[in-house]
Amino acid sequence: MTENAWKRWPSREALSREGVPRARRALAWTTRAIALGALIGTTFANSHLDGWGAAAGVVGILVCAVAAWGFWRTTLEHRLLPSLALLTLLLMIATVGQGAGFRVPALVLWCGCAISAIERLPLAAALPVTSVALGAYAAVNNDVWLTTVATTAGLILGGYVLRLDAEARGSAHRLLAQERAARAAEAESAALAERARIARDIHDVLAHSLSAQLVHLEAARLLIERGADRETILERVVAARGMAREGLAETRQALSALRGDMSPLEDFLSELVATADGADVTVTGARQALRAEASQAVRRVAQEALTNVRKHAPGAKVHVRLDYGEREVTLDVRDSGGPPGELSGSGAGYGLLGMRERAELLGGSLEAGPDEEGFVVTLKVPV
């Protein structure tokens, strides 16, 4: 046992009643009250005391009760000197009681002080107090020496067992508090992650919708500058209004997806390519359910890729392929290429960058770049 162990107090959780079931505490107090009542009743019944002697005995009992409660409080606060002073007072009361004829209460008080010192004080301070208390008990007790030695050894062992039990209960209480704190932190972290996911989903929907609107509005601006006819300009404005409506619909769909109410991914891709000229979709592999985050990532990448085709290679043929693998789902969007559109310079270019970050958060990857004919976007997310 190290020096620190000798000087270390039992933990506050061990010294308090925290972690002790209410029924167990009630049973303990009931048992103590019954034992104390029986001890007091037997003592006064066997002692022929006059009025003043009985009054002194009652006062002594009350003082012992107050001192014991004070000792419990001072040890709970880890205040060594007051605790030792109160134990000294109790030992002195036991000595006076022994001289006044209260032999049995004195013996019980000495034994209680010895056990309480071991249970609630640092061992370096408890051992001297226990030695004094048990020495007084052995000096007064009239049993044979072997019985006295066995009793004192049992009292020391019992006090130390109570100390270990209290420490174990205190450790369990601390672990429970730490577990609750960890669960609270985990719940808070999950809430923050969910908020971030919702923010990403709404951002991706709005970014796609606004980018598509920008394509048509920029086209309308160019047409106005070139003096195009009214019908052509109106067509672009109506298309921009349609994209705004689609953006609102996609926002509602994203919110529905966050609530777990989303259409099958294959149906979504079919509807998406139906609105794009010269686009088709192919689904391969055994279809399986995806996490909401993975499904949303596939949808947003497909939308962003088709928007980029309309912006940078209008009129190009687009083939969308969705492949369900054993461990990951692959979305491949490739176009046939073509001359750059008038709006190829519009936009900030952050769409695919955001999609790549989303894929990496899911443990997947996104690759985008030119191939032999046109441009290819490939998304892989784990199942």
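What's counted below: heavy atoms across the whole structure, side chains too, no hydrogens, waters or symmetry copies.
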query: Is a salt bridge present between Lys317 and Asp335, judged by a nitrogen-to-oxygen distance below 4.0 Å?
result: no
query: If you take all heavy atoms of Leu362 and Ala297, which pair is closest and at what distance?
result: CD1-CB, 3.7 Å
task: Output yes when a side-chain donor or acceptor of Arg356 lies under 3.5 Å from a complementary backbone atom of Leu366, and no otherwise.
output: yes
task: Can you spot which of Thr378, Leu331, Val333 makes a side chain to side chain contact (heavy atoms under 4.5 Å, CB included) with Val301?
output: Leu331
Residues Glu304, Arg300: salt bridge by 4.0 Å N-O rule: no
query: Taking atom types as modelled, is there a side-chain donor on Arg120 or Thr75 under 3.5 Å from an acceptor on the other?
result: yes
query: So Arg221 and Glu218, salt bridge (Lys or Arg N to Asp or Glu O under 4.0 Å) or not? Walk me through it.
result: CA-CA 5 Å; Arg221 184 186 67 81; Glu218 184 69 13; 2.5 Å; yes
Check ion pair Arg73-Glu77 (N to O, under 4.0 angstrom): yes
query: Is it the case that more than 12 heavy atoms not belonging to Glu367 sit under 6.0 Å from its CD atom?
result: no
query: Could Arg299 and Phe268 be counted as a cation-pi pair, given that NZ or CZ must be under 6.0 Å from the ring centre and within 45° of the axis?
result: yes
query: Taking 4.0 angstrom as the limit, do Glu167 and Arg163 come out as a salt bridge?
result: no
task: Let me see the working for Val298 and Leu379 under side-chain contact (heavy atoms from CB on, under 4.5 Å), right down to the final yes or no.
output: CA-CA 7 Å; Val298 174; Leu379 170 70; 4.0 Å; yes
message: Looking at Glu326, I'd like to know if its CD atom is crowded, meaning that more than 12 non-hydrogen atoms belonging to other residues, nucleotides or ligands lie closer than 6.0 Å.
response: no
task: Please determine, by modelled atom types, if Asp229 and Thr232 share a side-chain donor-acceptor pair under 3.5 angstrom.
output: yes
- line: On a heavy-atom basis, the closest approach of Ala94 and Trp110 is CB-NE1, 3.4 Å
message: Around atom CD of Glu235, are there more than 12 heavy atoms from other residues, nucleotides or ligands closer than 6.0 Å?
response: no
Under 3.5 Å side-chain donor-acceptor pair for Ser295 and Arg291: no
query: Which heavy atom in Cys111 sits nearest to a heavy atom in Leu155, and how many Å separate them?
result: SG-CD1, 3.5 Å
query: For the side chain of His78 and the backbone of Ser11, is there at least one donor-acceptor N/O pair under 3.5 Å apart?
result: no
